[in-house]
Amino acid sequence: MDEKYNPLNIEPKWQENWDDSKIFKVSEDKDKEKYYLLEMFPYPSGKIHIGHVRNYTIGDVIARYKKMQGFNVLHPMGWDAFGMPAENAAIDNNTHPAKWTYENIDFMRSQLKKIGLSYDWDREIATCKPDYYRWEQWLFIKMYEKGMAYRKDSFVNWCETCQTVLANEQVEDGACWRCGKDVEQKKLNQWFFKITDFAEDLLVDLDTLSGWPEKVTTMQRNWIGKSVGATIDFKIDGFNKNISVFTTRPDTIYGATFMCLAPEHPLVTELSAGTDMESDVNSFVKRIAEQDRTTEALESYEKEGVFTGAFCINPLSGKKMKIFAANFALMDYGTGAVMSVPAHDQRDYDFAKKYNLDIQVVVNPFDSELKVEDMTEAFNDEGVIVNSGNFNGLKNKKAIKQITKFLEKEGKGKEKANFRLRDWGISRQRYWGTPIPMIHCESCGIVPEKVENLPVTLPEDAALRDTGGSPLPDIEYFRKATCPVCGREDAKRDTDTMDTFVESSWYPARYCSPDCDTGMFDVDAVKYWMPVDQYIGGVEHAILHLLYSRYFTRVMNVLGLVDFKEPFTNLLTQGMVNKETQKCPEHGFLFPDEIETKGDDKFCSKCGSAVETGPVIKMSKSKKNVIDPSILLDKYGADTTRLFSLFAAPPEKGLEWNDEGVDGSARFLNRVWRFVYKVLDQIKDKEAFNGKPDELKGKYQELNRKINQTIKKVTGDIEDSFHFNTAISAVMELVNMLYSIDVNEETANRDNVLRLAVDNILLLLSPIVPHFAEELWAELGNKNSVSEQTWPSYREDALVSSDMMIVVQINGKLRAKFSIGTDASDDDLKEQALSDANVKKHIEGKDIRKVIVIKKKLVNIVV
RNA sequence: GCCGAAGUGGUGGAAUUGGUAGACACGCUAGACUUAGGAUCUAGUGCCGCAAGGCGUGGAGGUUCAAAUCCUCUCUUCGGUACCA
């Protein structure tokens, strides 16, 4: 055995060993309980960054831990390989997206292998491969046939830089989530998935996800945004038509004094046509349509509107209400029409003040009476109904139900729940994505490609345009198609591709049978492995990816492909790894290795300008605040890097990256190594101690207790909360204790206890630092891989101590401590406490009012 | 604005059925050793104080023999979301 720990020698050896022996390859085994552990697969952007290392290490520890506990563990890895950066990089570097992507995959795979992760690499998938997206196209056609995929004209979020449409979820603060450019509104004909059909189901089932962080279910709940109220019909004066509105406050209907329509609402132009108002209305509608709709801009807009010239009739009060087109009414929420109740809605109040409209109080606070002339803002708390005919005197909450019921009876309204969630627009005008398997035929309309013709393969020889945008419409042989229905040869293939979130919505199921060529997956394999027992990934995917995955699982469920609805039983959202940004006035953002430091000052290595330090934010390639783990891996090896990334903080917590502590982790492994080296000859042929504590004496009895306590603590920390940082601390304490005892002391079972200590330290650490553990495990004379050992258990009798430490407080302040046998009575404790010298000093001349004795813990003397 | 989470030493972080605040590390100080290392070992390290002692978990109150932990108010930071009728 080497005297010194040299990770760079031993790590490649074990990685090869695991690879060759396929020790982590799994298959369905009905006799073993399965455990499916999945980390969110990465986008192959080029290099692994430290956030990946943290994420995959967390997963790897759990996978190895569960394997040692006897589970049949599925732990796969793959690549979320379609997406825009490939196109951008291809243009920048004059290469091809496919080439760029596959090269990145090869490089990143080699990086992951260097971290020593326990993947079943035979299950690796890449979503850009035709044998993967073939089944996505198949599912698209199934969804189309069931009416779950449809086409509609709609205003879409358009990113000019990326030349593509973005889903609502992909717009962050009014800007593109990927490139940061402000998003514009554009009208396009697009494919949509009918996720809103499952809005209620997706919402209700959040309650069943007890293994998810509440934070995430709350975010999804808010995103789905259910509100309960009523739709109410208002007759339009002089027209044989109704305006339907959605409101959550039917109790305030008597106070509705005007009506607001979204500018795009079809009635706006219809009602104003041929009236004096026509030109005003049209110019207003046109102006609003052209307005910038970024969130920032929206905030600065004042509420404004224009009278359409028409009136409607309040169905209960019978009063005439002016109908406006207003900029704050949204066409795609509710019905695109708002019944405005200025007394009880702040927005309506502002609008009424501006245009001098009637304000009518219909809810009073419980203890006072509102007067319109004294009001400075809308009143929207709970209260008592007034000025509302038969409903006066009711609490407004009760009135909501009664008025709704009344409207239903009269045929003027209906109870209704409304959702904020919109259908999922999936068309992208991009090249590097899954082609949408639909064909536009002049005779037959839009029809699906024949299933036997799948996959519709993405042409690999496409020349990208310098300007961005998809080359697919230019490629004649791709675009030209034969109509699968009538056989016309001049049909056109859809040249849009799917949103890349589609691929990631079903990949967990694909891992169960990655080579299946008869369907999306092998039904029996999925039945065995799915759902995922533990999913791990960044909290940044709390809405987007996780909601889409839940939706897709429901789609597969409805299509009879799977028998469950929730894909992820337990979810661990790992905090993001953050780092400050560095900016050079001339060269913009800088990578850490582009900075030179002189004392406390930092300079750009290209031009020497002083570097400006920006805020601490999530690591991203575009901001260049990334840490390349290969520096750590080359210098310290994988095990130290793994250990450090776990020791720094509990997984769910965000982390400001700082590698100052990494030496401590390296030092710890060295300490363990040196100890094993020191006692190796002594313990190599010995059995680990497994007797009763009374077979041991003194320090060695204590050591035995500490070993068992450590097993208990580490197991609990992993099992209950994945708090590896405290688990590691516990092992460190045990190692510190080993250094404090004399290994040559003549005492019973000495070497057997030392063996027990070393065995368990290696077993407990093995999921965290697997190469290190394998090496020392082999040095101890073991033939099998440490990962095939059983996770250690502790002896209950070893935990028991004959003494206990008692704390003495006076008025709650710590004044003394003493050790006493565990069989001591309360009175013994009291007596012992009062006889302590320091205690005597503090109670001298004072009356003892009360003595509180807490069993096995403390004595508090109140004076 | 609304929803959620979090505030503990110089740093990362421990500790919650209320019961020794600061485990384990990093850093720092002093020393030892030496084959001069990114090594190892010993001692110290919350703050104030020579000490006795006092103070101390964002701030202010409260409950309790006892509060980082429970309650009320408040401040700050981070994350999500936002004209949603």
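All values reported here derive from a predicted model rather than from experimental measurement. Note on naming: letters A, B, ... go to the chains in the order of the sequence lines (proteins, then strands), and numbering restarts at 1 for each one.
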Student: Between P on U20(B) and CE on Met805(A), what's the gap in Å once rounded to a whole number?
Tutor: 13 Å

Student: Using atom P in both nucleotides, what's the gap between C3(B) and U11(B) to the nearest angstrom?
Tutor: 32 Å

Student: Using the P atom in both, what is the distance from G9(B) to G18(B), to the nearest Å?
Tutor: 24 Å

Student: Can you identify which nucleotide, out of G19(B), G13(B), G54(B), has its nearest atom closest to the Ile854(A) side chain?
Tutor: G19(B)

Student: Taking A25(B) as the reference, what is the distance to G79(B) when you measure between their C1' atoms (whole Å, please)?
Tutor: 28 Å

Student: What is the separation between atom CG on Asn222(A) and atom C1' on A5(B), rounded to the nearest whole Å?
Tutor: 14 Å

Student: For the side chain of Pro650(A), starting at C-beta, report the closest nucleotide among G54(B), G13(B), C65(B).
Tutor: G13(B)

Student: With a 6.0 Å cut-off (strictly less than), is the heavy-atom count around NZ of Lys830(A), excluding the residue itself, greater than 12?
Tutor: no

Student: Considering only A85(B), G80(B), G13(B), which nucleotide approaches the side chain of Ala649(A) most closely?
Tutor: G13(B)

Student: Pick base, sugar-phosphate or nothing for Gly538(A), based on heavy-atom distances below 4.0 Å to the nucleic acid.
Tutor: nothing

Student: Any sub-3.5 Å donor-acceptor pair from Asp233(A)'s side-chain atoms to Gly413(A)'s backbone N or O?
Tutor: no

Student: Can you check whether Val362(A)'s main-chain N or O pairs, donor with acceptor, with His344(A)'s side chain at less than 3.5 Å?
Tutor: yes

Student: Is there any side-chain hydrogen bond (donor to acceptor under 3.5 Å, both in side chains) pair reaching into residues 210-219 of chain A, and which pairs are they, with sequence neighbours excluded?
Tutor: none

Student: Ile323(A) CD1 to A85(B) P: how many Å, rounded?
Tutor: 22 Å

Student: Any side-chain N or O of Arg420(A) less than 4.0 Å from the OP1 or OP2 oxygen of U81(B)?
Tutor: no

Student: Indicate yes or no: does Lys354(A) engage Glu304(A) in a salt bridge with an N to O separation below 4.0 Å.
Tutor: no

Student: Toward the 5' end of RNA chain B, which comes first, Thr218(A) or Gly336(A), by nearest nucleotide?
Tutor: Thr218(A)

Student: Using a 3.5 Å limit on both pairing distances, list the dot-bracket string of RNA chain B from the 5' end; Watson-Crick and G-U wobble pairs count, crossing pairs take [ ], interstrand pairs take |.
Tutor: (((((((..(((......[....)))((((((.......))))))(((....)))..(((((..]....))))))))))))....

Student: Can you list the steps and then say if Phe324(A) with Phe351(A) is a ring-ring contact (aromatic ring centres under 6.0 Å, His included)?
Tutor: CA-CA 11 Å; Phe324(A) 287 83; Phe351(A) 195 86; 5.3 Å; yes

Student: Could you state the CE-P distance from Met219(A) to A82(B), rounded to the nearest angstrom?
Tutor: 11 Å

Student: Could you tell me how far apart Tyr636(A) (OH) and G37(B) (P) are, to the nearest whole angstrom?
Tutor: 16 Å

Student: Does a side chain donor of either Asn222(A) or Arg420(A) reach within less than 3.5 Å of an acceptor in the other side chain?
Tutor: no

Student: What is the distance, to the nearest angstrom, from the CG atom on Leu643(A) to the C1' atom on G12(B)?
Tutor: 14 Å

Student: Does the protein touch nucleotides 21-31 of chain B at the base, only the backbone, or not at all? Give it as B, S and - per nucleotide, heavy atoms under 4.0 Å.
Tutor: --BBSSS----

Student: Taking the six-membered ring of Tyr355(A) as reference, does the cationic atom of Lys303(A) (NZ for Lys, CZ for Arg) lie under 6.0 Å from its centre and within 45° of its axis?
Tutor: no

Student: Would you measure the distance from the P atom in A32(B) across to the matching atom in G53(B) and give it in whole Å?
Tutor: 34 Å

Student: Between U20(B) and A39(B), how many Å separate the two P atoms, rounded to a whole number?
Tutor: 37 Å

Student: Which whole-number value in Å describes the distance from Leu546(A) CG to G79(B) P?
Tutor: 19 Å

Student: In whole angstrom, give me the gap between the P atoms of U29(B) and U34(B).
Tutor: 23 Å

Student: Rounded to whole Å, please give me the gap between CD1 in Ile232(A) and P in A85(B).
Tutor: 14 Å

Student: Distance check: side-chain N/O of Lys4(A) vs OP1/OP2 of A39(B), anything under 4.0 Å?
Tutor: no

Student: Nearest to the side chain of Phe328(A), which nucleotide is it out of G80(B), C83(B), G13(B)?
Tutor: C83(B)

Student: Over all strands shown, is Ala666(A) touching base, sugar-phosphate only, or nothing at heavy-atom distances under 4.0 angstrom?
Tutor: nothing

Student: What are the two closest heavy atoms between Ile232(A) and Pro315(A), and how far apart are they?
Tutor: CG2-CG, 3.9 Å

Student: Say we look at C71(B) and G22(B): how far apart would their P atoms be, to the nearest angstrom?
Tutor: 25 Å

Student: Please report the distance separating the C1' of U45(B) from the corresponding atom of C26(B), rounded so that it comes out in whole Å.
Tutor: 13 Å

Student: Which part of the nucleic acid, if any, lies within contact of Arg674(A), taking any heavy atom under 4.0 Å across all strands shown: a base, the sugar-phosphate backbone alone, or nothing?
Tutor: sugar-phosphate

Student: I'd like to know if the side chain of Asp663(A) pairs up with that of Tyr636(A) as donor and acceptor (distance under 3.5 Å, no hydrogens or angles considered).
Tutor: yes

Student: May I ask you to say whether Asp717(A) pairs ionically with Lys713(A), meaning some side-chain N is under 4.0 Å from a carboxylate O?
Tutor: yes

Student: So for Lys303(A) and C83(B), does any side-chain atom that can act as donor or acceptor lie under 3.5 Å from a complementary atom in the base?
Tutor: yes

Student: Measuring to OP1 and OP2 of A85(B), would you say a side-chain N or O of Ser227(A) lies under 4.0 angstrom away?
Tutor: yes

Student: If you only use heavy atoms from C-beta on, which nucleotide in C65(B), G4(B), A85(B) is closest to the side chain of Lys215(A)?
Tutor: G4(B)

Student: Between Asp2(A) and Lys4(A), is there a side-chain N and carboxylate O pair less than 4.0 Å apart?
Tutor: no

Student: When you check the glycosidic angle of G9(B), does it come out syn, meaning within 90° of 0, or anti?
Tutor: syn

Student: Find which nucleotide of RNA chain B each of Ala262(A) and Glu656(A) is nearest to by heavy atoms, and output the residue with the more 5' nucleotide.
Tutor: Glu656(A)

